[in-house]
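Take a look at the structure set out below.
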Amino acid sequence: MSRGHCILSHGFESGPAATKVTALAQAAQQLGWSSECPDYTDLDARSDISRVGDVPARLQRLLQLAGQRAAEGPLVLAGSSLGAYISAIASLQLPVRGLFLMVPPLTMGPLPALDAAAVPTSVVHAWHDELIPASGVIDWAGRRSARLLLVDDGHRLSAHVDTCARAFAELLATL
């Protein structure tokens with residue numbers, strides 16, 4: 001019997017087998033949570049919509065999937081970059097138990113600014129993120145009293161995959 005379900009959303013130009021979401025899935029499994037990593041690559045390829053693909057369709061795909069899962073039991077949303085953005089925005093429309101956001105964008109063009117439900121939230125961000133300045137994420141996390149881990153890395157968090165998995169496990173253990 002699963003303790004709950006995690007939906008792990010990959011970043012732009014990544015995929016459902018990406019290193020970070022795979023590490024999070026393993027951490028979830030070790031704690032008795034089921035997980036899945038939706039594939040958004042078809043939507044990311046829609047450069048005719050925007051430079052980061054079809055973000056509204058990405059959000060709708062997550063909402064549809066998460067809506068089904070939320071009806072089955074506790075749900076946690078997690079994501080990296082664009083995946084973090086849609087996870088946070090989706091949490092405003094679904095009953096989620098927690099959020100895990102890696103390098104979340106604070107803005108996404110004409111779409112709403114980053115916002116999230118008032119649930120336990122953990123954020124991992126990189127001091128040297130070349131796309132999203134750490135200072136804005138620090139302010140955003142502070143306004144929510146979110147747990148925030150800043151690491152000496154860049155946007156991909158490639159040197160801190162294990163650190164991200166441990167931080168995710170810590171969040172799941174508290175739920």
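Predicted model only: the values in this text are computed from it and were never measured.
Heavy atoms from other residues, nucleotides or ligands lying under 6.0 Å from CZ of Arg69 number more than 12. Environment of CD in Gln29: sparse, with no more than 12 heavy atoms of neighbouring residues, nucleotides or ligands closer than 6.0 Å.
The shortest side-chain heavy-atom distance between Leu111 and Pro56 falls under the 4.5 Å cut-off. Between Phe12 and Ser81, the closest side-chain pair of non-hydrogen atoms is not below 4.5 Å. For the pair Trp140/Val123, a side-chain contact is recorded, criterion being any heavy-atom separation below 4.5 Å from C-beta on. By the 4.5 Å heavy-atom criterion applied to side chains, His125 and Leu101 are not counted as neighbours. Residues Ile7 and Pro38 are in side-chain contact: their nearest non-hydrogen atoms beyond the backbone lie under 4.5 Å apart.
For Gln68, the side-chain contact (heavy atoms from CB on, under 4.5 Å) partners are Gln64, Leu65, not counting sequence neighbours. Under the salt bridge (charged side-chain N to carboxylate O under 4.0 Å, His left out) criterion, Asp42 pairs with Arg61, sequence neighbours left out. Residues meeting the side-chain contact (heavy atoms from CB on, under 4.5 Å) test with Arg51, sequence neighbours left out: none. Applying the side-chain hydrogen bond (donor to acceptor under 3.5 Å, both in side chains) rule to Thr163 yields the partners Arg166; only residues at least two apart in sequence or on another chain are considered.
Placement of Ile49 and Ile86 in two distinct hydrophobic clusters is found when ILVMFWY residues are connected by side-chain heavy-atom separations under 4.5 Å, directly or transitively.
Between the Glu130 side chain and the His155 main chain, a donor and an acceptor come within less than 3.5 Å of each other.
For residues 106-118, every residue pair satisfying the side-chain hydrogen bond (donor to acceptor under 3.5 Å, both in side chains) rule, not counting sequence neighbours, is listed here: Asp115-Arg144.
Between the side chains of His10 and Ser80, no donor-acceptor pair of N or O atoms lies under 3.5 Å.
Think of Met102 as one node in a network of Ile, Leu, Val, Met, Phe, Trp and Tyr side chains linked at under 4.5 Å; its network also takes in Leu8, Val21, Leu24, Leu31, Trp33, Val76, Phe100, Val103, Val124, Leu149, Val151, Leu157, Phe168, Leu171, Leu172, Leu175.
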